[in-house]
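What follows is a short report on a single structure.
Bear in mind that the values here come from a model prediction, so they are computed numbers and not experimental data. Hydrogens, waters and symmetry mates are skipped; everything else that's a heavy atom, side chains included, is used. Position 1 is the first residue of the sequence, and the numbers go up from there.
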Amino acid sequence: MKKAVITLLLITGLGIAGSGQEKWSLEKCISYAIENNIALKRQQVQTEQNRTNLRQSRASLLPNLNFQSSGTMNFGRSVDPVTDGITFNQNLQNFYFLGSNITLFNGFALANRMSASKFMYEMGLALEQANRDLLTVDITNAYFQVLMYRGVVSTAGRQLDVSEQQLHRISVMVETGAESRTTLLEMQSQVSNDRLLLTQAINNEMIALESLKQLLQLDSATDFDITEESLLVNINDEVSTDVDSVYEVAREILPGINALVLQAEARKKLVKAAIGEASPELTLSGGWRTGYYDAMMEGVATTPFFEQLQNNKNQSVSATITIPIFNRWLAGSNIKRAKLNLQDAELQLQQEYNTLYSQVTNATLELKAVKDEHLAIKDSKEYSDLAFKAVEKKFQTGMASATEYAEARRQKFYAEVDMLRVQLQYNLKLMMLKYYFTGRWEL
């Protein structure tokens, strides 16, 4: 095994790596990705925009309040605001206005747009959770891929170690004349093949580790490795595999589905808002107005500024109704677009329901298939272990050829790799099915 370890270090170039490097657990990888993923951050920005839109739509139901002030210097012909007569003298006019208005009725368009904004904000929150779940799934798959190839490296290393021990034994026997040189050449070929398998496994592990690093959006120069924690569960664990029951639960609790349901609800409100905007609108307005006038003529006394403001005060209240008669088909086009958007949202939701049913069906079938495959691989591994031990004893006594020994080793190697693969696959399938059934991604 020492030679295999040395070979491993030489190929990976990790022999000079710092031993104090922190290794990342799956939980840490997921937490880091959720905190730093750019796509998820963009969705959070979009959710905050939806929150701002909701606040604005609520505020649109309130009356506004505005203050205006204007100052005018007149030259030539103008109207004297004191006498209402025509004057040609230079004069100064200064007015102040404080006004407010509120929409009393517009077909409930404002209220419906506020409801639509509320649904859109809730949809943003659901999409955030859905994106977190998808990112968790991707990270978990990539993490398990590294564990898979790491297990293959370990198995290939043990196989190379055993082959090198046999090669050393055969070499000694050839030197003493107890074994033929042909057997030595066959054994050397076996060692070369085993070393190639180890090299390929190490390269695959490095590629898988780099893929996980890229998924975490880490800099390529960052030292990164994962822990070798055991994430395997008892393959006899049971979870509900009734497609219809899992599907009915999933369509009610999965955030991705909820986001599309909320989108459809928002667009229903937008249809009502578009219809409301085509109806008569009633607004109520109120205002306060005053002003100051200076004739700017010698010998003409000007009333003091604040006295004029007090004397010129004016208050008003008005109600206005606006009845749309012809607006170049703008209202009709807005209603049509809103209805088409609603139809598209409903079709998108139905499409997602169909996709979800297929995903649940596949998940249940794949879980069952992995369990069945595990039983077959378990038997195959037991038989390959026994067969290898028997062939190994024969080979050591000269009753089996190097070719037979190599074939037994190959069968044992692939049985061990298949066992690791099916255990990791079972973990992933079980996690996915539990996610459909609970709405939570549990490690």
**Study point:** pair R289-K313: side-chain heavy atoms closer than 4.5 Å
**Key:** no
Check your understanding: With a 4.5 Å heavy-atom cut-off, do Y383 and K378 have their side chains touching?
Key -> no
**Study point:** Distance (rounded to the nearest 0.5 Å) between I257 CD1 and L349 CG
**Key:** 6.5 Å
Practice item. Assess the side chains of Q159 and R409: does a donor N or O sit below 3.5 Å from an acceptor N or O? Key: yes
Exercise for review: Report yes if some heavy atom in the side chain of K412 is under 4.5 Å from a heavy atom in the side chain of K381; otherwise report no.
Suggested key: no
Exercise for review: List the steps and the verdict of side chain to side chain contact (heavy atoms under 4.5 Å, CB included) for I321 and I323.
Suggested key: CA-CA 7 Å; I321 185 170; I323 302 175; 4.2 Å; yes
Exercise for review: Give a yes or no on whether the backbone of S401 and the side-chain of E404 come within a donor-acceptor separation of less than 3.5 Å.
Suggested key: yes
Review point. Side chains of S154 and R158: do they bring a donor and an acceptor to under 3.5 Å?
Key: yes
Check your understanding: Any side-chain heavy atom of N106 within less than 4.5 Å of one from L110?
Key -> yes
Review point. Donor-acceptor pair, R267 side chain versus N341 backbone, under 3.5 Å?
Key: yes
Check your understanding: Quick one: side-chain contact (heavy atoms from CB on, under 4.5 Å) partners of K339, sequence neighbours excluded?
Key -> V271, I335
Exercise for review: Count the heavy atoms of every other residue, nucleotide or ligand shown that sit under 6.0 Å from CZ of R42, and state whether that count exceeds 12.
Suggested key: no
Practice item. Mind jotting down which residue pairs meet the ring-ring contact (aromatic ring centres under 6.0 Å, His included) criterion with at least one end in residues 334-360? Sequence neighbours excluded, please. Key: Y247-Y357
**Study point:** Other residues, nucleotides, ligands: >12 heavy atoms within 6.0 Å of K389 NZ
**Key:** no
Exercise for review: Measure from the side-chain N and O atoms of S279 to the backbone N and O of I275, and report whether any donor-acceptor pair falls under 3.5 Å.
Suggested key: no
Review point. Side chains of P255 and L127: does their closest heavy-atom pair fall under 4.5 Å?
Key: no
Exercise for review: Would you indicate whether Q315, at its atom CD, is surrounded by more than 12 heavy atoms from other residues, nucleotides or ligands within a distance under 6.0 Å?
Suggested key: yes
Review point. When rounded to the nearest 0.5 angstrom, what distance separates CD in Q43 from CG in L125?
Key: 9.0 Å
Exercise for review: Please answer whether the main-chain N or O of S57 pairs with a side-chain N or O of S60 as donor and acceptor at a distance below 3.5 Å.
Suggested key: yes
Review point. Does a donor on one side chain sit under 3.5 Å from an acceptor on the other, for N53 and S117?
Key: no
Check your understanding: Is it true that atom CD of E248 has more than 12 heavy atoms of other residues, nucleotides or ligands lying nearer than 6.0 Å?
Key -> yes
Review point. Does R150 pair with D225 as a salt bridge, N-O distance under 4.0 Å?
Key: yes
Point to revise | Residues that F388 engages under ring-ring contact (aromatic ring centres under 6.0 Å, His included), provided they are two or more places apart | key: Y405
Check your understanding: Given E210 and K213, is the side chain to side chain contact (heavy atoms under 4.5 Å, CB included) satisfied, shown in steps?
Key -> CA-CA 5 Å; E210 183 64 27; K213 184 193 292 187; 3.8 Å; yes
**Study point:** For E186 against A402, the heavy-atom pair lying closest together
**Key:** OE1-CB, 3.1 Å
Point to revise | Nearest-0.5 Å distance, CD of residue E366 to CG of residue L428 | key: 10.5 Å
Check your understanding: More than 12 heavy atoms of other residues, nucleotides or ligands under 6.0 Å from CG of L62: is that the case?
Key -> yes
Check your understanding: Can you tell me if N101 uses its side chain to pair, donor with acceptor, with the backbone of L284 under 3.5 Å?
Key -> no
Practice item. Kindly say whether V246 contributes a backbone atom to a donor-acceptor pair with the side chain of R251 at under 3.5 angstrom? Key: no
Exercise for review: Would you please test T320 and L282 for side chain to side chain contact (heavy atoms under 4.5 Å, CB included) and show each step?
Suggested key: CA-CA 6 Å; T320 304; L282 177 63; over 6 Å; no
Check your understanding: For the rings on W24 and Y32, is their centre-to-centre separation under 6.0 Å?
Key -> yes
Check your understanding: Excluding sequence neighbours, so at least two apart, what forms salt bridge (charged side-chain N to carboxylate O under 4.0 Å, His left out) with E265?
Key -> K268
Exercise for review: Drop me the distance from L54's CG to N50's CG, to the nearest 0.5 angstrom.
Suggested key: 9.0 Å
Check your understanding: Hey, does the side chain of S189 reach the backbone of L185 with a donor-acceptor pair shorter than 3.5 angstrom?
Key -> no
Point to revise | Working for side chain to side chain contact (heavy atoms under 4.5 Å, CB included), residues Q68 and F95 | key: CA-CA 8 Å; Q68 294 178 346; F95 295 99; over 6 Å; no
Exercise for review: Just jot down the ring-ring contact (aromatic ring centres under 6.0 Å, His included) partners of F105, sequence neighbours excluded, or say none.
Suggested key: F108
Review point. Does the side chain of L356 reach to within under 4.5 Å of the side chain of V360, using non-hydrogen atoms?
Key: yes
**Study point:** Short N-O contact, R113 and E277, less than 4.0 angstrom
**Key:** yes
Check your understanding: Is the backbone N or O of S70 less than 3.5 Å from a side-chain atom of N94, with the two atoms forming a donor-acceptor pair by type?
Key -> yes
Exercise for review: Could you walk me through whether Q145 and N141 pass the side chain to side chain donor-acceptor pair (under 3.5 Å) test, one step at a time?
Suggested key: CA-CA 6 Å; Q145 193 75 2; N141 274 291; over 6 Å; no
Point to revise | Side chain N362, main chain S358, donor-acceptor under 3.5 Å | key: yes
Review point. Would one find more than 12 heavy atoms of other residues, nucleotides or ligands at under 6.0 Å from atom CD of Q343?
Key: no
Review point. Without hydrogens or angle criteria, can the side chains of Q411 and E407 be said to hold a donor-acceptor pair below 3.5 Å?
Key: yes
Review point. Are any of the side-chain heavy atoms of D418 and L420 separated by less than 4.5 Å?
Key: no
Practice item. Could you grab the distance from atom CG of L40 to atom CZ of R132, nearest 0.5 Å is fine? Key: 6.0 Å
Exercise for review: With R169 as the cation and F395 as the aromatic partner, state whether NZ or CZ is under 6.0 Å from the six-membered ring centre and within 45° of the axis.
Suggested key: yes
Review point. Hey, are the side chains of L104 and T283 touching, using non-hydrogen atoms and a 4.5 Å cut-off?
Key: no
Exercise for review: From the options Q190, Q200, E164, select the one residue that forms a side chain to side chain donor-acceptor pair (under 3.5 Å) with R195.
Suggested key: E164
Practice item. Would you tell me whether Q348 and Q263 have side-chain atoms, one donor and one acceptor, within less than 3.5 Å of each other? Key: yes
Practice item. Assess the side chains of T322 and E281: does a donor N or O sit below 3.5 Å from an acceptor N or O? Key: no
Practice item. Examine F97 together with W288 and report whether their ring centres are nearer than 6.0 Å. Key: no
Review point. Just by distance, do the side chain of T222 and the backbone of F224 share a donor-acceptor pair under 3.5 Å?
Key: no
Practice item. To the nearest 0.5 Å, tell me how far T47 OG1 sits from N131 CG. Key: 9.0 Å
Check your understanding: Does Y149 have any ring-ring contact (aromatic ring centres under 6.0 Å, His included) partners at least two apart in sequence or in another chain, and if so, which?
Key -> none
Practice item. Would you check if there is a donor-acceptor pair between the side chains of D133 and Y435 at a distance under 3.5 Å? Key: yes
Exercise for review: Indicate whether the side chain of Q350 and that of N354 have a donor and an acceptor atom separated by less than 3.5 Å.
Suggested key: yes
Check your understanding: Should R421 and E373 count as an ion pair when the cut-off is N to O under 4.0 Å?
Key -> yes
